[in-house]
There are 2 protein chains.
Amino acid sequence: MVGQNPEPGAEPERPPSRRERARAATVDEIKQTAMGLMREQGTTDFRFSDIARLMGMTAPALYRYFADRDELLTGLIVDAYDDLGEAVAEARDKVPLDDPGARFVAVAESYRRWAREEPVRFALIFGLPVPGYQAPEEGPTTEAARRAMAQLKALFYEAAQAGVLRPPQLHDDDGVIAGLLAEHHEPTESPAIDGPPIPPETFQAMLFCWSNVHGFAGLEAYGHLEWMPQELRDAIFESSIRQVAEVAGLPEPLAAGPSRED
Amino acid sequence: MVGQNPEPGAEPERPPSRRERARAATVDEIKQTAMGLMREQGTTDFRFSDIARLMGMTAPALYRYFADRDELLTGLIVDAYDDLGEAVAEARDKVPLDDPGARFVAVAESYRRWAREEPVRFALIFGLPVPGYQAPEEGPTTEAARRAMAQLKALFYEAAQAGVLRPPQLHDDDGVIAGLLAEHHEPTESPAIDGPPIPPETFQAMLFCWSNVHGFAGLEAYGHLEWMPQELRDAIFESSIRQVAEVAGLPEPLAAGPSRED
DNA sequence: TCAGCACTGTTATGCGTCATAACAAACACG
DNA sequence: CGTGTTTGTTATGACGCATAACAGTGCTGA
C-alpha cells in the first residue's frame, strides 16, 4: 500500500491537512484520467505513461500514489461498485416506499442504464479479472460488492416488511432451496450481500430478478444486442422486468411512468 | 492474414497435403496452448513467449502461423463460439424432439455448464473486448456468434412448428414489440441470429430465456455466486429455468431427469 | 530565521514483451 | 541433385512497467 491513511487506528478525528487534500485530489484525478482513457478505448487497459501525459506529469510520479497497476485497478473497481450502488439506490429512492413494484422497475432500469453507459466499469466489476490483475483476497472490492448488492436486497426487505410480497411463482420442490438456504446461512443474510435477513423464498426471487436484469444488461452493454434498435431493446427490457417482478411476487407498479431522462 | 487457406476461390477440392496437415496441427496446438495458459491464469491474457516455450519453440516462430496477437485471439474467439454452439446443440439433441420443455432445460444447463467450466472462453466471447484487441468488422467472429445463437432459436422454431408453444406470458402493451420486430426485420430473422424466422412473441420469449440463462451463467462463471454452495446454486438455477420456460410458453418437460454427468 | 525532513516530482536504468528483419536449416519436387 | 518454399533461428527496435537515484518545494520546530 502507498496512498492509504497512515494506520486504520491512528486518530481518524484529525481533519485533513492541506497536503492530504491535495493528495486526495491527485489520487482522484488519476482515477478519473484512467477511467477516461478506458472509456475512450473501450477496454479495461491503460498505460501509466498516457495517464501521466494527460496530467502533465511523468509516469514514475504516479507510483507516489499507487504502488502498482493493481492498486490503481482496485481503486477503480471499488469506485465502480460504489457508483453502481449509488445509482441504483438513488433511482430506487425516487419512488415512494409504498410502491415496491415501481421501485424494482427503477432499480432494474438504472442497473441496465449504468451498464450501458459504463460498459467498461461494468466489465471491471462483473467481468473476468483484468489480465495480470490479482484481486486482493477478502479485500476492499468484496466489501464494495456487498454494499452495492445490498441495494436490491433492501428493496425486497422493505416489500416483505410491508407485507405486500406475494409468494413468488418459483418452484422449490421438496423445499430443497429453502432447506439449503436455512442450513448454510441463517435466515439468509448471505455473506456476499449486506442487509437485513429476508425469507428464503424472497431471497430466491431476488436472485431470479438479479440474474435476469444482469443478463440483459450484460448482453446489451457488450454490444450483443446491437442488431436491434434501441427502441425495441427498451420495450423488450421493460416487458421482461415486468414479468420478472410478477414472478418474484412484487406488486404491480402503481405509477407506471418509466423514468427515462436521456 | 497469414495462416489462412490460399484463396477462398482456388480449387477447394484438393486434399490437404502433408505440409498443410502439419501446419493445421501446429495452428491447433498453438491455440490449445494459448487456451491452456489462459485457463491456468484465469485471464484472457497470454504471452507469445510462454506459448512458444511450452511448445519448444521461440516466440517469433509463432508469427509464421498468426500475423499478430489479434489474429490468434480471433481464432480463439471463433473456436469458443463454435464450441459453445456444439455443446448446446449436442445437449439439446440428446432429448427427443417431442419434448421441447426438456430440450430447453438441456440447452440452459449446458450453456451454464459451459460458462462455468470455461469462464475464460465465456469472457472471450461475451465479455468486453480483450485489451488491445480490435475485432474485425463483420468478420468471422460475428458469423460464429450467429451460428451459436441459432441453436437456441432452432429449439423455439421446432416447438412452434409442432404447435406446442403456448403464448408467452410476456406483456406487449399495444403490440409495440411485435410492431417493431415486424417492422425492422421481416418475421424475425434477426441479423444476429441465424435460422428460420419465428413469430415475434416467440422471439421475445427466446430473448427472455437467453438473457435469464446468460445472466445466471455469467454471474456464476465469474465467481459472483461462490458464496453459496454449488448444491444450492444448482437448485436455484433449475428452479429459475423451469419458471422461465413456463413464462416463455414452453410445455412442461416430460422426462424430468436433470442430465448431470459430473 | 533557518536547519532538517517529508513529500512530490524528475531523469536514468533494467527487464520483459510484441513485432520485424536477416539469416539458416529442412523439405518438396522437377 | 538443385531450386524454391516453408519453418525455424538469432539479432534488433520500440514500448510499457517498475525501481533507483536525485532534485526541488514547503512544512515544522529549535
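- The shortest distance between the side-chain N/O atoms of A:T58 and the OP1/OP2 oxygens of C:dG9 is not below 4.0 Å.
- If you take CD on B:E109 and CZ on B:F237, they are separated by 6.5 Å, rounding to the nearest 0.5 Å.
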Please tabulate, one pair per line, each protein N/O and nucleotide N/O from nucleotides 22-30 of chain C that are separated by under 3.5 Å, including the distance.
unit_1 : atom_1 : unit_2 : atom_2 : d
C:dC27 : O2     : B:R19  : NH2    : 3.3

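- A distance of 6.0 Å or more separates the ring centres of A:H224 and A:F216.
- Rounded to an integer number of Å, the gap from A:R53 CZ to C:dT10 C1' is 18 Å.
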Evaluate salt bridge (charged side-chain N to carboxylate O under 4.0 Å, His left out) for B:D234 paired with B:R113, printing each intermediate quantity in order. CA-CA 10 Å; B:D234 289 349; B:R113 180 163 39 236; over 6 Å; no
Could you walk me through whether A:E118 and A:R39 pass salt bridge (charged side-chain N to carboxylate O under 4.0 Å, His left out), step by step? CA-CA 8 Å; A:E118 300 273 14; A:R39 269 188 276 260; 2.5 Å; yes
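- Residue B:E20 contributes atom CD, which lies 16 Å from atom P of D:dT5 at whole-angstrom precision.
- Looking at A:R23 and A:D28, no side-chain N of the basic residue comes within less than 4.0 Å of a carboxylate O on the acidic one, giving no salt bridge.
- In this entry the distance linking CD1 of B:I51 with P of C:dA19 reads 11 Å, nearest Å.
- The listed nucleotides are C:dG9, C:dA19, D:dG8; the one nearest the side chain of B:Y63 is C:dA19.
- For the pair A:L72 and A:A34, the tightest heavy-atom approach, listed with the atom from each and the gap, is CD2-CB, 4.4 Å.
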Write out a two-atom table: protein N or O, nucleotide N or O from nucleotides 12-17 of chain C, distance below 3.5 Å.
unit_1 : atom_1 : unit_2 : atom_2 : d
C:dT17 : OP1    : B:R47  : NE     : 3.4

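- Distance, A:F66 CZ to D:dC17 P: 14 Å, rounded to whole Å.
- For B:E71 and C:dA19, the CD to C1' distance is 14 Å, given to the nearest whole Å.
- Taking 4.0 angstrom as the limit, B:R23 places none of its side-chain polar atoms (N or O) nearer than this to OP1 or OP2 of D:dT6.
- Figure legend: cation-pi geometry between B:R92 and B:F104 absent, as NZ or CZ is not positioned both under 6.0 Å from the six-membered ring centre and within 45° of its axis.
- Here the C1' atom of nucleotide C:dG9 and the CG atom of A:L62 are 11 Å apart, to the nearest Å.
- In summary, the aromatic rings of A:Y63 and A:F48 are positioned with their centroids under 6.0 Å apart.
- Summarising the geometry, the separation between CG on B:D68 and C1' on C:dC18 is reported as 10 Å, rounded to the nearest angstrom.
- A:Y65 places its OH atom 17 Å from the P atom of C:dA6, with the value rounded to the nearest Å.
- Note that CZ of B:R147 is 14.5 Å distant from CD1 of B:I193, once rounded to the nearest 0.5 Å.
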